[in-house]
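Index from 1, following the sequence.
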Amino acid sequence: LVFLRKQFSLTDFQTEIAASSLLVGCAVGASFAGFLSDRMGRKKILVWAAVLFLLSSLGTALPRNLDEFVLARLLGGIAIGMESMLAPLYVAEISPARRRGRLVALNQLAIVSGILLAYLVSWLLAGLGDTSWRWMFASAVLPSVLFLVAFARVPESPRWLIEQARVEEARRVLARVAPENDVEAQVKEIEEAIAEEADSFLQLFEPGLRRPVIIAVTLAILQQVTGINTILFYGSLIFAEHVAAQTAASALWANVIIGFVNFIMTIVALAVIDRLGRKPILMTAAGGMACSQILLGLVFLVDPGAAWIILVLCLLCVACFAVGLGPGVWVMMSELFPTKVRGRAMSVATISLWIACVALTSTFLSLVNAITASGAFWTYATMSLLTFWFVWKKTPETKGKTLEEIERWWRP
């Protein structure tokens with residue numbers, strides 16, 4: 001953003017459009033990914049997402065103006081929306097219950113690994129001058145190709161295969177991914193769960209599913225409005241424009257440090273999410289984010305030149321998110337719904353998440369201009385405290401439960 005803003009002489013509003021256009025695409029991709037995956041399979045839609053990633057990586061490197069850039073970003077956003085909904089869903093459906101939380105959280109580890117690599121590559125390429133942003137986007141071609149090649153070799157979801165009456169294929173997949181388990185018992189449990197479900201989108205709004213839908217949608221929205229993407233998306237601009245005596249290179253280096261902490265704390269999440277449970281880490285994360293955001297607001301008010309203090313508080317906020325709200329919300333969303341509507345239910349929750357993300361990212365700079373950086377971070381702190389309360393009072397613990405056991409909770 002530091003270089004793109006300069007290249008096209010972007011205003012704050014245009015900068016928000018450049019950043020949030022990706023997220024609009026995310027909402028679009030998530031809106032139809034569940035519908036298509038319930039009919040065509042999880043794997044096929046994810047392969048399509050890989051193709052869109054590749055096209056977007058090329059498109060964002062070659063634009064002549066902001067309109068062309070936004071169009072390419074929308075395409076990439078559609079891919080992200082499809083992947084963000086289906087990847088945790090796919091992992092949840094293919095994982096043994098005792099390892100499911102850790103394996104779904106691996107999806108978040110992959111995401112933060114990509115963020116860290118993107119920050120690092122951007123910093124390394126910054127010396128190429130004002131057009132270095134083109135090479136930054138072009139570098140995403142490589143992981144796009146790797147995703148496409150690698151995913152061609154993974155099996156389809158066994159739960160989706162059973163839903164399509166392809167039981168023998170499902171048996172082979174279950175035997176491959178969890179050979180120590182009783183395959184026939186798993187097949188029978190999945191078949192019984194599917195047999196009791198109606199094949200209707202409207203089922204999401206019936207009494208037996210209304211509560212998990214509300215929980216998942218609320219968690220998805222709260223994950224975003226706590227403000228994490230103000231740091232992940234605008235971190236370089238925060239340091240370049242709101243912290244005294246910072247260059248573009250030092251601002252990008254601050255991003256690298258933020259990405260590294262994000263990566264390390266996500267690894268910590270993998271170690272504790274199945275041991276401590278979902279609720280404790282979500283509540284700890286929300287409380288920690290609130291504290292760091294309150295202090296960030298105070299520092300911006302009293303001494304905006306205190307670069308190291310601001311960086312440390314940003315790192316604390318990112319660390320709390322990475323160990324809790326980042327992986328924890330995706331795990332909860334992937335666990336709450338019955339098999340036959342899980343794709344569509346995850347789609348509703350993921351669309352809500354991306355709409356909230358669009359609202360956050362497209363208003364941050366305007367919010368800072370309206371109520372200052374301090375006011376903005378105090379607003380996000382309030383949202384973090386609300387998240388703490390909602391998890392404490394309204395969210396169930398799903399640790400160690402099979403997807404079929406969780407499904408039985410919601411039956412009238």
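Q164 places no side-chain N or O within donor-acceptor distance of the main-chain N or O of L161, the cut-off being under 3.5 Å. Without hydrogens or angle criteria, E397 side chain to K399 main chain gives a donor-acceptor distance under 3.5 Å. Distance alone, capped at 3.5 Å, places no donor-acceptor pair between the Q293 side chain and the C317 backbone. Listed for the S56 side chain is no donor-acceptor partner under 3.5 Å among the backbone atoms of F53. No donor-acceptor pair under 3.5 Å is formed between the side chain of W354 and the backbone N or O of L23. Put simply, the side chain of K279 gets close to the backbone of W392: a donor and an acceptor are under 3.5 Å apart.
With L222 as the partner, the side-chain contact (heavy atoms from CB on, under 4.5 Å) test is satisfied by one option alone out of L386, V217, V329, L325: L386. Evaluated for a side-chain contact (heavy atoms from CB on, under 4.5 Å) with V112, the options I267, L232, N262 yield exactly one hit, N262.
Look at E156 and K44 and you find no salt bridge, because none of the NZ, NE, NH1 or NH2 atoms lies under 4.0 Å from a carboxylate O. Taking 4.0 Å as the cut-off between side-chain N and carboxylate O, R171 and E168 count as a salt-bridged pair.
Across G59 and A72, no two heavy atoms sit closer than the pair C-CB, 3.4 Å. S384 approaches M289 most closely through the heavy-atom pair OG-CB, 3.8 Å. Closest of all the heavy-atom pairs between A356 and V225 is CB-CG1, 4.3 Å.
Within the model, atoms CG of L219 and CG of L353 stand 10.0 Å from one another, a figure rounded to the nearest 0.5 Å.
Taking a 6.0 Å sphere around CZ of F260, one finds it holds 12 or fewer heavy atoms contributed by other residues, nucleotides or ligands.
Between F151 and W48, a ring centre-to-centre spacing not shorter than 6.0 Å is recorded.
Between the side chains of S157 and R42, no donor-acceptor pair is found at a separation under 3.5 Å.
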